[in-house]
Number of protein chains: 2
Amino acid sequence: MPATTDMPATSASPERSSTEPGSPEPGSPEPAKLGRKRDHTRDPEILSAAIDVLAEEGYDGMTMEMVAARAKAGKATVYRRWGSKSELVIEAIACMKRGVAPETLPDTGTLRGDLLALIRPHSIDDADKKLKVMAGIVSLIARSPEMSDAVNAAMVEPRAKINRVLFQRAIDRGEISADCDVEALSLISPSMAAYRTLVQRKPVDREFLVSLVDSVILPAVGLRAGAPAS
Amino acid sequence: MPATTDMPATSASPERSSTEPGSPEPGSPEPAKLGRKRDHTRDPEILSAAIDVLAEEGYDGMTMEMVAARAKAGKATVYRRWGSKSELVIEAIACMKRGVAPETLPDTGTLRGDLLALIRPHSIDDADKKLKVMAGIVSLIARSPEMSDAVNAAMVEPRAKINRVLFQRAIDRGEISADCDVEALSLISPSMAAYRTLVQRKPVDREFLVSLVDSVILPAVGLRAGAPAS
DNA sequence: TAGTTCCGAAACTCGCCAGAACCGGATAGA
DNA sequence: TCTATCCGGTTCTGGCGAGTTTCGGAACTA
């Protein structure tokens, strides 16, 4: 039972563009309703708690009481913000989407360097948590298009996009052939990691990821581990 | 909570064909309990129904009433055979394991030929059903070692074993290098298929599998689609 | 201080489901 | 035919969890 409440500590609340047409202007707090300025300040804690419980218990194992208790909030507070359990989960998943600035991506000059640069303890832990959450809701993906979309937007697409960029750069600089199947190659790492975590229950550590790059991905594009640039 | 420690001593029929009213158990050393010869004849129907419901509803969505109703059996009949829902599910998963005779494997002389020969409508549908079942229980895999073992033994290992054999043959005949990462290569196809089905919700059809072989697996071992043997 | 708005906690309703108990009927051996 | 065992279906209980309501209190405002 790892608590590991690595709370963002009331960090900046994520983008609020989920489902509510509510306030078109995210920047303006809209002070119209005088009398109170505080508004939904507990949302980040509740969403974070929901993600934690989701990762540990799965969707069906998660109860609203667990979420409220972990967020030190009342169940009524949760229901004031979200009308149902599924709404809460969908928004919690949506706000797992870390903004990936394109300029933040590594650019070492070689495909291998770029791929290895992505393997950091932080990203490993981050991916591991996403996988645990995903494990808890895969059975819902088949039934709920909203869940499917939320998962794809928050977990699958960001990672795939990064890989696509790296492969495209390698093509542009002539390091690998232009007729590589970028789409399939971009999915090797995420899918193998997911399989290893969810099905095999083996750790996705740095060693595994490096060997994946060197013995599968690079050979598949005609490169070798020891020869970064041809 | 799920005891699942000991079988009720009367239900020792782990493997069946599971789809149709079964044949009277070829290798049954059971003394058959004098007084009645009929014994547990409804097991295959119930197990098959359990698999169907599991694939459609997931573990938590599946109820014992659904299973009993689909098998046209009473709920009491189900509980006479299996002490709990988890026991039923574990045995149902276990009996999904199709016996894979090693001599049944294709042997076309080339790795590409062997891999493509495995892509048949029957195997595609079979794998699709296994994936649907797997989707329904992944969240349990993290919590129940028994589930994890059952899934691995019935769905993961058989497929991985086939691929390992094919790659090892290719190594033995000198078609591909001996220092290939057979373990990782054998998992590409299952993991990509699982990812595509469970997360992306795209069909795992023949076209996808062929392109996977030609643009990922074969390039990764230094072969080309058009040049089966170098 | 009085008024307003939100909050946490807890009690409550309602429905679902696992599992057990029960019943009448069918079958087979004695 | 009698009896034992299985079967199918039905019913009951107990617990659990989603969602609602209530209430006292905290925080801010005028």
Side-chain angles (χ1 to χ4, degrees), chain A residues 10 29-47 49-50 53-54 56-92 136 139-140 144, chain B residues 1-4 8-11 13 21-22 24 30-47 49-50 53-54 56-92 136 139-140 144:
Chain A
T10 64
E30 186 168 352
K33 290 286 182 183
L34 50 88
R36 289 289 296 193
K37 70 178 74 168
R38 306 201 325 166
D39 194 18
H40 296 193
T41 57
R42 301 303 311 281
D43 282 20
E45 282 94 334
I46 295 174
L47 289 171
V53 177
L54 204 53
E56 293 170 13
E57 307 289 338
Y59 182 84
D60 297 280
M62 155 185 169
T63 72
M64 298 299 262
E65 284 187 357
M66 288 180 190
V67 175
R70 179 166 309 215
K72 292 185 174 56
K75 209 163 48 154
T77 304
V78 179
Y79 277 104
R80 280 187 204 107
R81 300 288 170 270
W82 299 274
S84 68
K85 181 178 173 180
S86 61
E87 285 181 27
L88 169 63
V89 168
I90 286 176
E91 188 166 336
S139 63
L140 293 183
S144 165
Chain B
M1 177 165 40
T4 68
T10 54
S11 70
S13 57
E30 280 298 316
K33 286 294 179 183
L34 53 88
R36 291 283 296 194
K37 71 177 67 170
R38 304 207 327 167
D39 196 15
H40 300 186
T41 56
R42 301 303 310 279
D43 283 19
E45 282 95 334
I46 296 174
L47 289 170
V53 177
L54 203 53
E56 292 170 13
E57 307 289 339
Y59 181 84
D60 296 280
M62 155 186 169
T63 72
M64 297 298 262
E65 284 186 355
M66 289 180 189
V67 176
R70 179 164 311 213
K72 292 185 174 55
K75 210 164 46 156
T77 304
V78 179
Y79 276 104
R80 281 186 202 108
R81 300 286 171 272
W82 298 274
S84 69
K85 181 178 173 180
S86 61
E87 284 182 27
L88 170 63
V89 168
I90 287 177
E91 189 166 336
S139 63
L140 292 184
S144 165

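The chains referred to below are lettered A, B, ... by the order of the sequence lines, with proteins before strands, and numbering in each begins at 1.
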When all nucleic acid strands are considered with a 4.0 Å heavy-atom cut-off, which category describes A:Ala68: base, sugar-phosphate, or nothing? nothing

Contacts of type side chain to side chain donor-acceptor pair (under 3.5 Å), residue B:Thr63, not counting sequence neighbours: none

Is it true that the NZ or CZ of B:Lys85 lies under 6.0 Å from the centre of B:Tyr59's six-membered ring and within 45 degrees of the ring axis? yes

What residue among A:Glu45, A:Glu56, A:Glu57 forms salt bridge (Lys or Arg N to Asp or Glu O under 4.0 Å) with A:Arg70? A:Glu56

What's the CZ-C1' distance between A:Arg80 and D:dC23, to the nearest Å? 12 Å

B:Thr77: what forms a side chain to side chain donor-acceptor pair (under 3.5 Å) with it, not counting sequence neighbours? B:Arg80

Each nucleotide in nucleotides 12-19 of chain C should get exactly one letter: B, S or -. Can you fill that in based on protein heavy atoms under 4.0 Å? -----SSB

Considering just the side-chain nitrogens and oxygens of B:Thr77, establish if one lies under 4.0 Å of OP1 or OP2 belonging to D:dC7. no

With a 4.5 Å heavy-atom cut-off, do B:Trp82 and B:Asp43 have their side chains touching? yes

Quick one: is D:dC7 close enough that its OP1 or OP2 comes under 4.0 Å of any side-chain N or O from B:Arg81? yes

Pairwise distance CD1(B:Ile90) to OG(B:Ser84) - rounded to 0.5 angstrom: 7.5 Å

